[in-house]
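Worksheet: the structure to be examined is printed underneath.
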2 protein chains.
Amino acid sequence: MPDKPEKPEQPEDTATGREQPRRRQARGERRIQQLLEAAASVFCATGYTAASTNAIAREAGVSPGTLYQFFPNKEAIAIELGDRLMHDLRDTYGEALAPVDPATPLADAVAAVVDRLTAFNTDHPVFFALMHGPDMPGGITEAHDALHTSLLGRIETLLASLLAPGTDKADVTRTAHVCLGIYKAGLELVLSHEGTEQQAYIQEIKNALTRYLDPLVGHHLDQPAG
Amino acid sequence: MPDKPEKPEQPEDTATGREQPRRRQARGERRIQQLLEAAASVFCATGYTAASTNAIAREAGVSPGTLYQFFPNKEAIAIELGDRLMHDLRDTYGEALAPVDPATPLADAVAAVVDRLTAFNTDHPVFFALMHGPDMPGGITEAHDALHTSLLGRIETLLASLLAPGTDKADVTRTAHVCLGIYKAGLELVLSHEGTEQQAYIQEIKNALTRYLDPLVGHHLDQPAG
DNA sequence: GACAAACGCGAGCGGTCGCTCGCATTCTGA
DNA sequence: TCAGAATGCGAGCGACCGCTCGCGTTTGTC
């Protein structure tokens, strides 16, 4: 009995559950980082479905077998990528989606959120690829869904601090869906243009969102001296 | 010389050009219709990339070889489908995107266009699948691109009759892009809901578009007695 | 230095895909 | 009537995919 090793915990994984991380060397963590960066690059270039695991491994400079040393399957790569992306979003731009001071003019609040989210998307193009391409087979697109749901929740709380206090919960949710939709549609236009035209499209996102939300916000503080 | 048949025209096709239609029997035309309907069904269910030509043939009740009797490759199916869809759009809802009487209130004009386009999309779900899924390999997605470009052009002329007369051409184009983006984003939300909630989202599309366009239109006729 | 575990490789397995080919059947026009 | 074109079939080819497996190498620990 006492001869047995102290850690009999073999990596158990449920059907879709997370296996507890096995013993990993620094080399392994580096490889994982390489593979995720390569996957981001390939996903970005071709989308999730068309991206082949062999191409990801090649891009990372390792063999297919090495890739599967660290990820159980292709979907897990996208999920892990999505998790880290969302972690980055929380860390770097968490305050972008926090409730705002109701005294802030709507246009300024929208502009700030759009500017920060746009910057994040420019820094991490794969975020757009994972958000926009619901082409994952099997029905459940965990990475995409987690990103989407999390963003929606944050927008809802943000809207809760902007909209008229009596607004119905279902209305807030619907408004959040529409705002996210407008932003995603605008982002596609922003990313497909450059330079001055790109800036013009960013302004159009702000215009569209501001004008859409304006009749919905509580105007009690807009013109305090009115 | 006079012995030669009157129609020596063999089906010549350039790299991406259209071959002139070979001699076809009524049977063939029926098969083509069957195959296109089956393709619409399969594209709708799984998207273009994931749709297999064998599945399309099976859905149509014919063999893979028969499918390739009428279409040179998979992409040609989507292109022909897109062409016929656009033809239907022109025929059935052409007037939906025609220039409107400037005296019409903006909200009414937007509501009319959105209602008609939404009805068309409900009748032809594959339209949304082809518009929204830019997952076609090879870079050029002719069917998708043709639909997109044609719709954009129609929206531009429609906007030209609504916007303030002095509006810059580039601004009109940009506004058309944004409007189409908002509509497509809203359509995705509409199609993913049902019943009362679906109607609510349709109303939100109208709200978003109306409020976005309102500051841009010439207000010279809005309140004739103002 | 010895041993086990983690890492790394790449040929290749089982499967699906787009598409072909040889051949049988049905239709058309003279 | 009958030659030839159009239609129809379905096994299967070649390519690629996600992923595995056996085996050699590196690393951490005692």
Side-chain angles (χ1 to χ4, degrees), chain A residues 3-11 13 19-35 38-39 42-43 46-80 135-138, chain B residues 2-11 13 19-35 38-39 42-43 46-79 135-138:
Chain A
D3 294 344
K4 285 197 172 182
E6 296 293 277
K7 294 180 177 181
E9 37 182 0
Q10 65 251 20
D13 54 326
E19 80 221 32
Q20 49 211 66
R22 52 192 290 193
R23 214 73 185 85
R24 204 133 260 165
Q25 305 180 349
R27 225 190 334 167
E29 298 291 349
R30 257 182 280 126
R31 279 275 177 260
I32 291 179
Q33 188 62 29
Q34 277 178 37
L35 285 165
V42 177
F43 285 162
T46 68
Y48 173 83
T49 311
S52 86
T53 55
N54 288 7
I56 294 173
R58 198 181 319 119
E59 174 84 15
V62 303
S63 84
T66 297
L67 186 151
Y68 283 93
Q69 184 82 16
F70 302 102
F71 298 98
N73 52 52
K74 184 180 173 183
E75 191 180 2
I77 304 175
I79 293 179
E80 179 65 24
D135 54 357
M136 326 233 192
Chain B
D3 293 346
K4 285 197 172 181
E6 297 293 279
K7 294 182 178 181
E9 37 181 359
Q10 66 250 20
D13 55 328
E19 81 222 34
Q20 48 211 67
R22 52 191 292 194
R23 208 77 181 74
R24 203 131 261 164
Q25 305 179 352
R27 227 191 331 167
E29 299 291 350
R30 255 182 281 125
R31 279 275 178 259
I32 290 179
Q33 189 62 29
Q34 277 178 38
L35 285 164
V42 177
F43 286 162
T46 69
Y48 173 83
T49 311
S52 87
T53 55
N54 287 7
I56 294 173
R58 198 181 320 120
E59 175 83 17
V62 303
S63 84
T66 297
L67 186 151
Y68 283 92
Q69 182 82 14
F70 302 103
F71 298 99
N73 52 52
K74 183 181 173 182
E75 191 181 1
I77 304 175
I79 293 179
D135 55 357
M136 326 233 192

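Overall bending of the helix from C:dG1-D:dC30 to C:dA30-D:dT1, expressed as the angle between end axes built from five pairs apiece, is 10° (10° steps).
Nearest-nucleotide positions on DNA chain C place A:Gln69 closer to the 5' end than the other of A:Gln69 and B:Ala26. Remark on DNA chain C: of its neighbouring residues B:Gln25 and B:Ser52, the 5'-side contact belongs to B:Ser52, judged by nearest-heavy-atom nucleotide.
The side chain of B:Arg31 contributes no N or O atom lying less than 4.0 Å from OP1 or OP2 of D:dT7. OP1 or OP2 of D:dT7 has not a single side-chain nitrogen or oxygen of B:Thr66 nearer than 4.0 Å.
The CZ atom of A:Arg27 sits 8 Å away from the P atom of D:dG28 (whole-angstrom rounding). Spacing between atom NZ of A:Lys74 and atom C1' of D:dC16 amounts to 12 Å, rounded to whole angstrom units. What separates CZ of A:Arg24 from C1' of D:dT27 is a distance of 15 Å, to the nearest Å.
When DNA chain C is scanned in the 5' to 3' direction for atoms under 4.0 Å from non-hydrogen atoms of chain A, the outermost contacting nucleotides are C:dA6 to C:dG10.
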List the steps, then state whether side chain to side chain donor-acceptor pair (under 3.5 Å) holds for B:Arg31 with B:Gln34. CA-CA 5 Å; B:Arg31 279 275 178 259; B:Gln34 277 178 38; 2.9 Å; yes
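At the heavy-atom level, B:Ala51 lies under 4.0 Å from the strands shown only through sugar-phosphate atoms.
Taking the side chain of A:Asn54 as heavy atoms from C-beta on, and the options D:dC19, D:dT7, D:dC9, the nearest nucleotide is D:dC19.
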